[in-house]
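Okay, so here's the structure we're looking at.
Remember, it's a predicted structure, so these values are computed and weren't measured experimentally.
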Amino acid sequence: MAGNILLLILDYVFHAGSRMLRACILSLLILLSGCANLNELGGGHLTDLFSSEEDEVEIDEAEIAALQTLAPISPLWQIKLAESKTAVFLPVYDNGALYVADEDGRLVKLDPVTGHEIWRIETKSQLSGGVGAGGGMILLGTYKGEVLAFDEAGNALWQSRVPGEVLSPPKTDSGIVVVRTGDSKLFGLSATDGKRIWSYQSVTPPLTVRSFVGVSITRGAVFAGFPGGKLIALDLLTGNVGWEETVSQPHGVTELERMTDISSLPIVDENQVCAVAYRGRAACFEISSGNQIWVRDASSSMGMVIDSHHVYISEEHGVVAAYDKSSGTAVWKRGKLGSRKLSGLLIVRGNRLVVGDDQGFITLINRQDGSLLARSPTDGSMILSRAEYLPDGFVVQTLKGGVFAFSLQ
């Protein structure tokens, strides 16, 4: 309960508070929390963590009327899992199947075309991170730091433990499973038996935002963003640091004002890796050297995606923005989406972007000019994780546990 109150206070003072008020609130935080960081305080319901008075600004009638004229997105199927109270789950499509999980410990394999259940596992654990998939493995994490590995037939392969909550999907590549804990530690585990091979711990500021972000793996490297605006590249096999660069520098007098965490996944293409910080900046770097290519002011806790021409960011206050991926020049910005809190983005065929919001709507956006193409509701609850690719469309999971698949035909 204390965590919920503190997070709501934080969100308010960032947007409306004076420096004196912020300093007073920081003192109150220290008294209440004993100098704990927000990872330790954020155990409340997700609707509280991601809500504030500012987000309840009334959407004008003209905006709603315009959205209601959009064509609907064709539904494929839907199923129901348990409601998420403190965890964010991402469906994952891998090797012709879709895997979904919930906080009550269920892991379900689905036919992506029909939504038909192929098998279901009751793990008997309270899950907090998932789903990860690759190399014939399905991976989950728990609040107790357990990492659970299954094969594609649903058989248990191994169980390992790391010191901390696993709040994001474990990732695997080249025989290594990479796990990130809620306190921003990284662990490389053997994909064969779950034994620890390496670990990495960054220097963490006194106050951080509770984050459900994991890591990106490509070309033998692990890319991860951290509190304090740092982006780090690690060797996948050894955990050795290749380079460390700054996306956004902390500013301000108090620790409250200086929070500028990278709380979303870095994105990678053939030549560059990009990341965006909450209350900070977006930047792109050369993969091999870490040399900065461009940087610009932006703020996002939900992240970005990249195609052959542009970087697209799901920004604060309900805005989706496109930037030239070579220079960082702004191309277009789109607000008026009926929400102040958007999910991460997914690129789909036909020059389209998929974005969800805290009202449970899914919207299709034209990648070329930001125009709105189509929109459909789900179950009215928040969509925090980005949509996941399906061969004939995409799928989203809501906080109420609804799994909704849509067609792009």
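The side-chain heavy atoms of Val131 and Leu140, taken from C-beta on, include a pair separated by under 4.5 Å. The shortest side-chain heavy-atom distance between Trp158 and Met137 falls under the 4.5 Å cut-off. With a 4.5 Å cut-off on side-chain heavy atoms, Lys185 and Val162 do not count as touching. The closest side-chain heavy-atom distance from Ile262 to Val213 is not below 4.5 Å.
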Contacts table for residues 389-397: side-chain donor-acceptor under 3.5 angstrom, sequence neighbours left out:
unit_1: Gln397; atom_1: NE2; unit_2: Ala101; atom_2: O; d: 3.0

Side chains of residues 286-298: which donor-acceptor partners sit under 3.5 Å, not counting sequence neighbours?
unit_1: Glu286; atom_1: OE1; unit_2: Ser289; atom_2: OG; d: 2.7
unit_1: Ser289; atom_1: OG; unit_2: Asn291; atom_2: N; d: 3.2
unit_1: Ser289; atom_1: OG; unit_2: Asn291; atom_2: ND2; d: 3.0
unit_1: Trp294; atom_1: NE1; unit_2: Lys325; atom_2: O; d: 2.8
unit_1: Arg296; atom_1: NH1; unit_2: Gly328; atom_2: O; d: 3.1

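How far CG of Leu148 is from CD of Glu146: 6.0 Å, rounded to the nearest 0.5 Å. In this structure, NZ in Lys144 is found 7.0 Å from CZ in Arg161, a value given to the nearest 0.5 Å. Note that the OG1 atom of Thr192 and the CG atom of Leu189 stand 11.5 Å from one another [nearest 0.5 Å]. For the atom pair NZ of Lys230 and CD of Glu245, the computed distance is 8.0 Å after rounding to the nearest 0.5 Å. Atom CZ of Phe223 and atom CG of Leu234 lie 9.0 Å apart (nearest 0.5 Å). Residue Asp111 holds its CG atom at 8.5 Å from CH2 of Trp77, rounded to the nearest 0.5 Å.
Minimum interatomic distance between Leu90 and Pro169 (heavy atoms only, all atoms of both residues): CD1-CG, 3.9 Å. Closest of all the heavy-atom pairs between Gly214 and Leu265 is C-CD2, 3.5 Å. Of all heavy-atom pairs spanning Thr142 and Ser125, the tightest one is CG2-CB, 3.9 Å. The shortest non-hydrogen separation linking Ile176 to Gly188 is CG2-CA, 4.1 Å. The two atoms that bring Phe89 and Leu127 nearest to each other are CZ-O, 3.5 Å, heavy atoms only. Taking all atoms of both residues into account, the shortest heavy-atom contact from Val88 to Ser385 is CG1-CB, 3.9 Å.
Although no hydrogens or angles enter the test, the distance criterion places a donor-acceptor pair under 3.5 Å between the side chain of Trp332 and the main chain of Arg367. In terms of modelled atom types and a separation under 3.5 Å, the side chain of Glu103 and the main chain of Ser84 share no donor-acceptor contact. With hydrogens and angles disregarded, a donor-acceptor distance shorter than 3.5 Å links the side chain of Ser376 to the backbone of Ile73. A donor-acceptor distance shorter than 3.5 angstrom exists from the side chain of Asp102 to the backbone of Ala82, with no hydrogens or angles considered. In this structure, Asp94 contributes its side chain and Ala97 its backbone to no donor-acceptor pair below 3.5 Å. Looking at Ser160, its side chain never comes within 3.5 Å of a backbone N or O of Val147 through a donor-acceptor pair. Proximity of a side-chain donor or acceptor of Arg334 to a complementary backbone N or O of Gly370 within less than 3.5 Å is detected. Ser339 contributes a side-chain N or O that, together with a main-chain N or O of Lys341, makes up a donor-acceptor pair within less than 3.5 Å. Checking side-chain atoms of Ser301 against main-chain N and O of Ser263 turns up no donor-acceptor pair under 3.5 Å. Put simply, the side chain of Arg386 never gets that close to the backbone of Val354: no donor and acceptor are under 3.5 Å apart.
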**OP:** Carefully, step by step, assess Leu372 and Ile365 under the rule side-chain contact (heavy atoms from CB on, under 4.5 Å).
**Re:** CA-CA 5 Å; Leu372 303 183; Ile365 301 174; 3.9 Å; yes
**OP:** Dump the intermediate steps for side-chain hydrogen bond (donor to acceptor under 3.5 Å, both in side chains) on Ser202 and Ser184, then the final yes or no.
**Re:** CA-CA 7 Å; Ser202 67; Ser184 293; 5.3 Å; no
Original post:
Can Lys333 and Tyr323 be said to form a side-chain contact (heavy atoms from CB on, under 4.5 Å), step by step?
Top reply: CA-CA 9 Å; Lys333 286 198 173 186; Tyr323 301 93; 3.4 Å; yes
**OP:** Please assess Leu364 against Leu408 for the test side-chain contact (heavy atoms from CB on, under 4.5 Å), listing each intermediate value before the final yes or no.
**Re:** CA-CA 10 Å; Leu364 294 182; Leu408 290 173; 4.0 Å; yes
**OP:** Would you please test Leu237 and Trp198 for side-chain contact (heavy atoms from CB on, under 4.5 Å) and show each step?
**Re:** CA-CA 8 Å; Leu237 299 181; Trp198 55 261; over 6 Å; no
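Pairs of residues two or more places apart, or lying in two chains, that qualify as disulfide (SG to SG under 2.5 Å) and include a residue from residues 264-337 are Cys274-Cys284. Sorted by first and then second residue, the side chain to side chain donor-acceptor pair (under 3.5 Å) pairs involving residues 166-176 (not counting sequence neighbours) form an empty list.
Heavy atoms from other residues, nucleotides or ligands lying under 6.0 Å from NZ of Lys80 number more than 12.
Between Phe406 and Phe404, the angle of the ring planes stays under 30°, which puts this pair in the parallel group of the 30/60° scheme.
Taking Thr181 as the reference, Asp183 meet the side chain to side chain donor-acceptor pair (under 3.5 Å) condition, with sequence neighbours excluded. Among residues two or more places apart in sequence or in another chain, the side chain to side chain donor-acceptor pair (under 3.5 Å) test is passed with Asp357 by none.
The aromatic ring centroids of Tyr200 and Phe226 lie less than 6.0 Å from each other.
Comment: Lys109 does not engage Glu117 in a salt bridge, judged by the lack of any side-chain N to carboxylate O separation of less than 4.0 angstrom. Taking a cutoff of 4.0 Å between a charged side-chain nitrogen and a carboxylate oxygen, Glu83 and Lys400 do not qualify as a salt bridge.
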